[in-house]
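Structure first, commentary second.
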Amino acid sequence: MIDDRLKNYWGAVRGMRRTPQASKADWLKGPFQLAITLEKDPRLRATLQSIHDTETQQPA
C-alpha cells in the first residue's frame with residue numbers, strides 16, 4: 001500500500017525526472033508547484049520547495 005503522505009512528493013519528483021529538458025520549466029510551474037501546495041507534511045513540502053528553488057536557479 002502506498003503511503004498517501006508520499007504520493008504527491010514522489011509523483012512530483014518522478015514527473016520532473018521524466019520530463020524532457022525543454023518542458024521542465026512548464027512542469028515546475030504547473031504540476032510540481034501544485035504538488036507543493038497540496039503536500040500536507042511540512043518536511044516533504046520544504047523538500048519539494050528546495051528542489052523547486054534549485055531547479056529554477058540552476059537547472060540540471
Side-chain angles (χ1 to χ4, degrees):
M1 186 166 109
I2 297 175
D3 186 359
D4 288 337
R5 291 179 302 158
L6 293 174
K7 193 171 172 183
N8 289 334
Y9 175 81
W10 287 116
V13 172
R14 189 178 307 119
M16 187 184 67
R17 288 180 182 165
R18 291 182 179 174
T19 303
Q21 189 65 31
S23 60
K24 192 173 278 195
D26 292 334
W27 177 264
L28 287 169
K29 290 177 188 172
F32 199 87
Q33 191 67 37
L34 180 63
I36 292 171
T37 59
L38 292 176
E39 185 55 59
K40 293 178 179 137
D41 185 344
R43 292 172 297 168
L44 292 176
R45 189 178 323 119
T47 303
L48 285 172
Q49 187 64 48
S50 174
I51 292 169
H52 183 271
D53 294 343
T54 301
E55 286 295 322
T56 53
Q57 293 170 4
Q58 302 171 354

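Both backbone and side-chain heavy atoms feed into the values below; hydrogens, waters and symmetry mates do not.
The two atoms that bring Phe32 and Met16 nearest to each other are CE1-SD, 4.2 Å, heavy atoms only.
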Please list, one pair per line, the donor and acceptor atoms closer than 3.5 Å that link side chains of residues 46-53 to other protein atoms, with sequence neighbours excluded.
residue	atom	partner	partner atom	Å
Thr47	OG1	Arg43	O	3.0
Gln49	NE2	Asp53	OD1	3.0
His52	NE2	Leu28	O	3.4
His52	NE2	Gln33	OE1	3.2

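Between the side chain of Arg45 and the main chain of Lys40, a donor-acceptor pair closer than 3.5 Å is present.
For the atom pair CH2 of Trp27 and CZ of Arg18, the computed distance is 9.5 Å after rounding to the nearest 0.5 Å.
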